[in-house]
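Accompanying notes for the structure given below.
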2 protein chains.
Amino acid sequence: MVSEGLLFAYLRYMLSKKTKYGLKALTYLASQQGNTPVQISGIAKHENISQKFLESILLSLRKTGFLGSKKGKGGGYYLIKDPKEILMTDVMRVLEGPIAMVPCVSLNFYEKCDDCPDEASCSVHRLMLEVRDSALEVYRSRTLADLIF
Amino acid sequence: MVSEGLLFAYLRYMLSKKTKYGLKALTYLASQQGNTPVQISGIAKHENISQKFLESILLSLRKTGFLGSKKGKGGGYYLIKDPKEILMTDVMRVLEGPIAMVPCVSLNFYEKCDDCPDEASCSVHRLMLEVRDSALEVYRSRTLADLIF
DNA sequence: TGTTTATCCTACTAAATAGATAGGATAATA
DNA sequence: TATTATCCTATCTATTTAGTAGGATAAACA
């Protein structure tokens, strides 16, 4: 064990760079007028993101139906849907994975905890259920359009 | 990159085992009548936790002022405060670290994001501020006493 | 005083993951 | 056919998580 919470420098933050960069890229695309393709290089430069890393993120957003792409000159990525129609719940689940902090309270990725004999009497289960609901409330009430400044 | 969110088996859950086990142990201690010391081995067996791992967790909970301990025969760990006085915010910060998902919205562990020139105009910043507040609302309104079944 | 008991503490380890990077294949445009 | 930009697979390194090993310390008790 190294991390000790308060005592050491390292801190465990929960949002991955992948999600962070993905959200920034989506917001940037949403802020562009029209749906003309935007090149990876432009997004990467504007948002301070490693281009190669961003490449893989945009690719996964295309495969999951958020973005369209066009190859060759004048190509790039563009939003497929209206930003108002893109819920944060869906974006977060694709980029970050489950919204729940433990598998046993996940709506979309439910799994029984192997160490826990009874969910109903598990204190962690009940607390994390509340945390999940509070996060869901935020993600469900926000769309990509809300992220544009 | 391996994880692809929807496509692969691995899922990124956010609660560490350390926090999970720590919460279970605290709840178990809170459910005991009186403040007689409880041995690590007993907690580990009852909660299905590796004894050695739990040892390090309880140690850190003692060092951060949540638990007292007694060595030798009849020894063990015990709660120092009334479960009603132990806020989940404090427990979570000690076990898991920051409640915020990004350093730039953390109340207790604030740090500027190195890749972001301006927080006010950052879409991730604003979204994560809301998520942090919603989580804080849960943790602030719950004490260890609420976790006992 | 010596034995038992249980916490205390340091060090180590294996496996997984995050966050990239490299380099070429593919397709669209001009 | 040359250029451009996405597509795709493979690889890499540092860090973290979760857990183990083994002994030092201190308290109880005979």
note = The answer to which of B:L58 and A:K17 contacts DNA chain C further toward the 5' end, by nearest nucleotide, is B:L58
task = Starting from the 5' end of DNA chain C, give me the residue, B:G75 or A:Q51, whose nearest nucleotide shows up first.
result =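 Comparing both residues, the 5'-ward one is B:G75.
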Nearest whole Å is fine: how far is [N] [atom2] from [X] [atom1]?
X      : N      : atom1 : atom2 : answer
A:Y78  : C:dA28 : OH    : P     : 11 Å
A:F53  : D:dT11 : CZ    : P     : 19 Å
B:L59  : D:dA18 : CG    : P     : 18 Å
A:M14  : C:dA18 : CE    : P     : 14 Å
A:D114 : D:dA18 : CG    : P     : 12 Å
A:K18  : C:dT21 : NZ    : P     : 17 Å
B:I40  : D:dG19 : CD1   : P     : 15 Å
A:N48  : C:dG19 : CG    : C1'   : 16 Å

Shortest side-chain distance from B:S50, nucleotide among D:dG19, D:dA5, C:dA6 = D:dG19
remark   = Per-nt protein contacts along nucleotides 21-30 of chain D (heavy atom under 4.0 Å; B base, S backbone sugar-phosphate only, - none) come out as BB--BSBS--
inquiry  = Check this one for me: any side-chain N or O of A:Y21 less than 4.0 Å away from OP1 or OP2 of C:dA20?
reply    = yes
ask   = Between B:R62 and C:dA6, is there a side-chain N or O to OP1/OP2 distance below 4.0 Å?
value =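 B:R62 to C:dA6 OP1/OP2: no side-chain N or O under 4.0 Å.
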Holding to salt bridge (charged side-chain N to carboxylate O under 4.0 Å, His left out), I want the full list of residues that pass it with [X], two or more places apart in sequence or in another chain.
X      : result
B:K52  : B:E55
A:K73  : none
B:D115 : A:K20, A:K24

key: Test ring-ring contact (aromatic ring centres under 6.0 Å, His included) applied to B:Y78 - qualifying residues, sequence neighbours left out   =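 Testing B:Y78 for ring-ring contact (aromatic ring centres under 6.0 Å, His included), a comparison that skips the adjacent residues, returns none.
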task = With sequence neighbours left out, write down each residue that passes ring-ring contact (aromatic ring centres under 6.0 Å, His included) with B:F66, or none if nothing qualifies.
result = none
ask   = Would A:I86 and A:L79 count as a side chain to side chain contact (heavy atoms under 4.5 Å, CB included) if you check the C-alpha gap in whole Å, the side-chain angles of each, and the deciding distance to 0.1 Å?
value = CA-CA 10 Å; A:I86 301 176; A:L79 283 176; 4.0 Å; yes
query = About how many Å separate CG of A:L61 and NZ of A:K18, when rounded to the nearest 0.5 Å?
reply =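 Atom-to-atom, A:K18:NZ and A:L61:CG are 8.0 Å apart.
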